[in-house]
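For ligands, and for the atoms within them, numbers begin at 1 and follow the listed sequence. The chain is numbered in sequence order, starting from 1.
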Amino acid sequence: MPDAPSTDFYAAFVKSGPGSFLASRLGLPQPPSLRRYQPGKPALAGPVLLGGSGRLVEPVRELLSDYDLVVNNGGARGAEKLGGAVFDATGITNIDDLKGLYEFFGPQIRSLGNSARIVVLGTTPELIEDLDEHIVQRALEGFTRSVAKELRDGATAQLVYVHPKASTGASGLASTLRFLLSGKSAYVDAQVIRITDKDAEAPADWDKPLAGKVALVTGAARGIGATIAEVLSRDGAHVIAADIPAAGEALSEVANKVGGTALPLDVTAPDAGAKIAELVKSRHSGLDIVVNNAGITRDKLLANMDEGKWNSVMAVNLKAPKQLVDDLLAAGALNEGGSVVDVSSIAGIAGNRGQTNYGATKAGVIGIVDAYTPVLAEKNITINAVAPGFIETAMTAAIPLATRQAGRLMNSLQQGGQTVDVAETISYFAAPASAAVTGNVVRVCGQSLLGA
Ligand code: NAD
């Protein structure tokens with residue numbers, strides 16, 4: 001997937017010979033190159049160290065049988081750098097046992113290679129009855145987020161909470177680990193993902209996890225939406241790319257490129273849902289994946305904001321994603337076993353000056369996920385959201401230089417993300433193998449300092 005044309009001249013400079021020399025002499029940040037997913041290439045650059053002594057360590061070994069696993073405290077082999085380290089912390093039930101994290105990871109930190117992955121596995125704290133166990137499982141979050149801030153060279157750390165009754169071989173864990181232990185999660189850092197006890201089937205081919213599925217992507221003519229269309233199609237889905245009629249030409253290009261269908265459509269139109277329902281019922285057997293990506297900004301300080309700016313942002317970013325799902329469900333056009341993925345923003349988590357309208361809608365999107373999780377679960381449909389941070393797009397290229405550069409550097413990976421980083425996360429959520437993954441909001445922000 002091609003990267004967006006970068007306006008990050010600073011990163012280009014510090015990667016050059018003289019720039020790198022100058023940056024190390026002056027102690028300036030030197031953004032690492034992130035290793036991203038390429039079909040057919042190994043998921044990680046080195047072996048994965050597997051440790052811990054909970055209920056998941058053995059199942060994980062089986063789920064990842066095609067990975068190069070190094071087992072329990074063997075450490076990296078010789079001078080070889082680790083591609084990742086997975087620690088099953090579900091066996092930790094009291095405060096003293098937390099030392100297992102210190103003992104496992106401490107000696108390994110210096111052995112982690114470029115874009116290495118740390119994954120801690122725990123049990124969902126709010127579902128644990130025992131008080132001590134609840135407390136220490138919750139403690140895993142502080143450990144993971146802190147160690148993420150200490151890692152270098154593009155390495156990241158994540159925490160996965162698994163339902164206490166989840167069948168351990170279930171594919172929700174497999175699909176989550178395969179996302180996290182690969183370049184697909186290059187710009188996802190210090191996140192917590194919860195896995196339910198629902199079973200799901202693994203795909204016939206992990207490189208085509210969406211095979212046979214029909215996906216709608218709104219706002220697909222450019223930016224993040226165009227890349228989502230490409231990634232979902234690469235992963236095997238037939239993509240219906242929707243965008244406003246004025247974006248028609250760019251939309252057709254995207255649809256042609258991915259062998260999909262172009263659908264000129266304003267998501268705020270009262271009949272938007274009905275039109276999509278008609279298309280998917282007549283040409284396909286319904287819709288499996290809905291990605292509510294279309295979004296706009298109309299920034300102004302609240303004191304100066306006219307009503308139009310408030311209303312238009314509400315209509316596109318919040319009313320439309322809710323209405324679309326309601327209308328598709330009412331029309332019976334959203335298939336059982338399907339998935340909805342909404343696009344929030346860290347502005348909806350941290351807030352942003354000049355974006356009261358936008359911030360409200362993007363927090364509202366998280367509200368949609370919370371409210372619809374149980375409703376959609378009845379129909380075996382998942383709903384999750386991504387919350388991008390600073391992503392290199394036309395939208396962020398328009399930000400004044402100093403603010404733009406600050407936005408890039410204010411995260412643990414010291415750079416902006418690529419549109420593909422958001423798209424990969426969406427494809428992971430959308431996959432049938434992730435049927436046990438619902439109700440999550442994952443930030444794609446390189447562990448931004450904002451709202452963390
Ligand atoms: P973009 O402006 O490049 O693309 C948005 C697309 O949505 C455009 O093609 C536009 O025509 C389409 N659209 C707008 N209104 C529409 C409507 N009424 N009906 C149908 N299509 C409509 O923006 P982007 O940067 O690619 O952002 C995509 C999503 O990601 C948005 O929801 C945005 O809020 C969110 N986001 C972006 C960033 C970032 O850094 N770029 C960060 C956080 C969140």
Full working for salt bridge (charged side-chain N to carboxylate O under 4.0 Å, His left out) between E392 and R408:
CA-CA 9 Å; E392 304 283 355; R408 284 189 178 114; 2.7 Å; yes
With a 4.0 Å cut-off, would you call R138 and E141 a salt bridge?
yes
Atom 41 (N) of ligand 1: nearest protein contact (heavy atom, Å)
T393 OG1, 3.1 Å
Cut-off 3.5 Å, side chains only: do Q447 and N411 have a donor facing an acceptor?
no
Which protein non-hydrogen atom lies closest to atom 22 (C) of ligand 1, naming both residue and atom, and how far is it?
A294 CB, 3.7 Å
Quick one: look up the protein heavy atom nearest atom 37 (C) of ligand 1 and list residue, atom name and how far away it is.
I224 CD1, 3.6 Å
If the condition is ring-ring contact (aromatic ring centres under 6.0 Å, His included), which residues does F179 pass it with, not counting sequence neighbours?
Y428
Could a heavy atom of A242 be found less than 4.0 Å from some atom of ligand 1?
no
Heavy-atom contacts under 4.0 Å between I391 and ligand 1: side chain, backbone, both, or neither?
both
Thinking salt bridges, do R36 and D421 make one under a 4.0 Å N-O criterion?
yes
Mind listing the closest non-hydrogen atom pair of V217 and G225 along with its distance?
CG1-O, 3.7 Å
Can you report which non-hydrogen protein atom sits closest to atom 33 (C) of ligand 1, along with the distance?
Y358 OH, 3.5 Å
The answer for which part of S344 has a heavy atom under 4.0 Å from ligand 1 is backbone
Side chains of H238 and T261: is there a donor and an acceptor less than 3.5 Å apart?
yes
At under 4.0 Å between heavy atoms, which part of V267 makes contact with ligand 1: side chain, backbone, both or neither?
both
Do NZ/NE/NH1/NH2 and the carboxylate oxygens of R145 and D189 come within less than 4.0 Å?
no
For atom 16 (C) of ligand 1, grab the closest protein heavy atom and report residue, atom and distance to one decimal in Å.
I244 CG2, 3.7 Å
Just checking, is any N or O donor in the side chain of Y372 or D342 under 3.5 Å from an acceptor N or O on the other one?
no
Looking only at heavy atoms, is any part of I296 under 4.0 Å from ligand 1, and if so is it the side chain, the backbone, or both, or is it neither?
side chain
Nearest protein heavy atom with distance in Å, relative to atom 11 (O) of ligand 1
D243 OD1, 2.6 Å
Answer side chain, backbone, both or neither: which part of V316 comes under 4.0 Å from ligand 1, heavy atoms only.
side chain
Taking the minimum heavy-atom distance to atom 5 (C) of ligand 1, which of G223, G295, G225 ranks first?
G295
Atom 2 (O) of ligand 1 sits nearest the protein heavy atom R222 NH2, 2.7 Å
